[in-house]
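Read through the structure below, which is laid out as structure tokens, and then see the notes.
Throughout, a chain's letter reflects where its sequence line sits, starting with A, and its residues are numbered from 1.
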Number of protein chains: 2
Amino acid sequence: MPGSDSARKLTPREFKRMKILRAAIEVFARDGYFSARMTDIAKAADVADGTLYLYFDGKEHLLLSVFDDALERFIDQLKREMKRLDDPLDKLKVMVRLHLEALGRDRALAHVLQIETRHSRKFMQLLSRGKLGEYLSLLNDIVKEGQDSGDFRGDVNTGLATNVIFGAVDELVNRWLLADEPGDLSQYQGPLLKMLCQGIVPCEFHEGAPG
Amino acid sequence: MPGSDSARKLTPREFKRMKILRAAIEVFARDGYFSARMTDIAKAADVADGTLYLYFDGKEHLLLSVFDDALERFIDQLKREMKRLDDPLDKLKVMVRLHLEALGRDRALAHVLQIETRHSRKFMQLLSRGKLGEYLSLLNDIVKEGQDSGDFRGDVNTGLATNVIFGAVDELVNRWLLADEPGDLSQYQGPLLKMLCQGIVPCEFHEGAPG
DNA sequence: TCCAGATGAATGAACGCTCATTCATAGTTT
DNA sequence: AAACTATGAATGAGCGTTCATTCATCTGGA
């Protein structure tokens, strides 16, 4: 179901573009970027091979478009939700929830975002400086805000904290992708946040910097 | 420098095998698995194309061998170090330190392990059930031991905690791989552990489960 | 309403290039 | 000279991309 995203009617061209993107997601997820064949994507989109090139510049551009399209949607949603909230911890909760929900809802997309777009360093760098960078920057802002307000510890490096949070969520999604019997991804939201907030060592044992 | 790993002399055959593995690491890291050409690996190993097939069953087997070889070495070292220690927190520290040091020492290897071996789900599943699974299992044991002894919180799911720790380390390595000006990877060991142990929220704010 | 002509989106067979792999030959050791 | 190891040019399958052709739709004159 392509359905209702921004509640606006799609032109025939936009509709076909989306059909191709959707097909690309399925095929990239099933076969992997390099093994996936343009012919198969065309077949899945119910479109001729050549048509792909009327909508996208080539295979690589198609993959990039999948990524950009998905992240743009997600970031827009995120920004909208953030406006309603003040408490940094609430913001963090919502961010993690949306992240897990968005990917939990669409395994194929999750696979493409998590695995297929990480092939070459060059490619990753492109992504990092684009939409992914924007996403990380949003997360970083939340952490910073929490530290400034005293809701979060001030004695951990902001960038490192951002890194740990993102890494934890990211890895959780990865493990869910590899699991034989997946279950609901967003069920981990609560426990994950608890661990990120409180750490693994009970308070009474906390000392200065370890190591 | 291939150098002194198990302090044993290598047969000529073992030596050439290692030379090929090393070359494969460099070329896979530089070009990515799919773009890398066997010819280039042969050239880098100073060996003819056909020779590769006297030592490995093909391109995919070569990538898998890089992974297995590196992880086997690492796991052996880890097990040796663990024997000397009792305190779970010390074990965790050492594990994180060795992880960061091993990859920090060899960027090309890090790149192959982090990026190139994650291409297809099928491939990842193979890895997860092999050496990578063994590594995760070691980490899981440490967390479990700490929880049983009361050194770590018992109220977080063991698997999830393992996941968060691994995800955090893994993502840290990823960001280091993408950085323009890398710096020393193991410098983050202390801060990373601190954050994993204490979380991001000060003790006085801790409550029951969030969400 | 009907039709001739114009438009450009869609098609898919064919092209051309890129490698992974092979194997006939050459070299080296015992 | 036999047995083992290495070589690297040749092979051929696979696949991204192109482009000559088709076809559905639109236009406007009768």
Side-chain angles (χ1 to χ4, degrees), chain A residues 2 9-68 112 115-117 119-120 122-123 126, chain B residues 2 9-68 112 115-117 119-120 122-123 126:
Chain A
K9 267 256 184 79
L10 295 169
T11 68
R13 188 176 169 83
E14 284 173 327
F15 181 74
K16 189 163 276 191
R17 192 190 129 95
M18 278 206 39
K19 236 180 38 166
I20 294 174
L21 278 177
R22 187 66 229 169
I25 290 171
E26 303 294 345
V27 176
F28 283 151
R30 195 188 60 210
D31 301 336
Y33 172 69
F34 279 98
S35 302
R37 285 172 299 146
M38 291 298 265
T39 300
D40 288 336
I41 295 175
K43 215 161 284 165
D46 209 18
V47 139
D49 293 10
T51 307
L52 299 182
Y53 295 88
L54 300 173
Y55 287 81
F56 300 95
D57 291 340
K59 197 182 182 184
E60 190 170 2
H61 181 233
L62 187 47
L63 176 61
L64 221 129
S65 299
V66 166
F67 191 92
D68 263 20
V112 176
I115 317 262
E116 297 313 321
T117 54
H119 280 168
S120 77
K122 210 176 302 164
F123 201 79
L126 271 181
Chain B
K9 266 256 184 80
L10 297 169
T11 68
R13 188 175 168 85
E14 285 173 325
F15 181 73
K16 189 166 277 190
R17 192 190 130 95
M18 277 207 40
K19 238 181 33 168
I20 294 174
L21 279 177
R22 187 65 228 169
I25 291 171
E26 303 293 344
V27 176
F28 284 152
R30 195 189 60 210
D31 301 336
Y33 172 70
F34 279 99
S35 302
R37 286 172 299 145
M38 292 297 266
T39 300
D40 289 336
I41 295 175
K43 216 162 281 164
D46 209 18
V47 141
D49 293 9
T51 306
L52 299 182
Y53 296 87
L54 300 173
Y55 287 82
F56 300 95
D57 290 341
K59 197 182 181 183
E60 191 170 3
H61 181 233
L62 187 46
L63 177 61
L64 221 129
S65 299
V66 166
F67 192 92
D68 263 21
V112 176
I115 317 262
E116 298 312 322
T117 54
H119 281 169
S120 77
K122 210 175 302 164
F123 201 80
L126 269 182

To the nearest 0.5 angstrom, please state how far the CZ atom of A:F28 sits from the CD1 atom of A:I115.
14.5 Å
Got a second to check how far A:D31's CG is from A:E116's CD, nearest 0.5 Å?
9.0 Å
Mind listing the closest non-hydrogen atom pair of A:Y53 and A:G58 along with its distance?
CE2-CA, 3.8 Å
Which heavy atom of A:Y55 sits nearest to which heavy atom of A:K16, and what is that distance?
OH-CD, 3.4 Å
Within the 4.0 Å heavy-atom criterion, would you say [X] contacts the bases, only the backbone, or no part of the nucleic acid?
X     : result
A:K43 : nothing
B:Y55 : sugar-phosphate
B:L54 : base

Could you walk me through whether B:E26 and B:R22 satisfy the side chain to side chain contact (heavy atoms under 4.5 Å, CB included) test, starting with their C-alpha distance in whole Å, then the side-chain angles of each, then the deciding distance to 0.1 Å, before giving a yes or no?
CA-CA 6 Å; B:E26 303 293 344; B:R22 187 65 228 169; 2.8 Å; yes
Side chain to side chain contact (heavy atoms under 4.5 Å, CB included) involving A:L21 - partner list, sequence neighbours excluded
A:R17, A:F56, A:L62, A:S65, A:V66, A:D69
By side chain to side chain contact (heavy atoms under 4.5 Å, CB included), B:D57 pairs with (sequence neighbours left out) B:H61
Kindly calculate the angle separating the two end axes of the helix from C:dT1-D:dA30 to C:dT30-D:dA1, each obtained from five base pairs, and round it to 10 degrees.
0°
All N/O pairs under 3.5 Å across the protein-nucleotides 24-30 of chain C interface:
none

Answer yes or no: is there a donor N or O on one side and an acceptor on the other, between the side chain of B:Y33 and the main chain of B:E60, under 3.5 Å?
yes
Using a 4.0 Å cut-off to any heavy atom of chain A, which nucleotides of DNA chain D are the first and last in contact, reading 5' to 3'?
D:dC15 to D:dT18
Letter per nucleotide, 5' to 3', of nucleotides 12-20 of chain C [B base touched, S only sugar-phosphate touched, - untouched; heavy atoms, 4.0 Å]:
B------SS
Counting only pairs under 3.5 Å, give me each side-chain donor-acceptor contact of residues 38-46 of chain A, with atom names and distances, residues two or more places apart or in other chains.
from	atom 1	to	atom 2	distance (Å)
A:T39	OG1	A:D49	OD2	3.3
A:D40	OD2	A:R37	NE	3.3
A:D40	OD2	A:R37	NH2	3.0

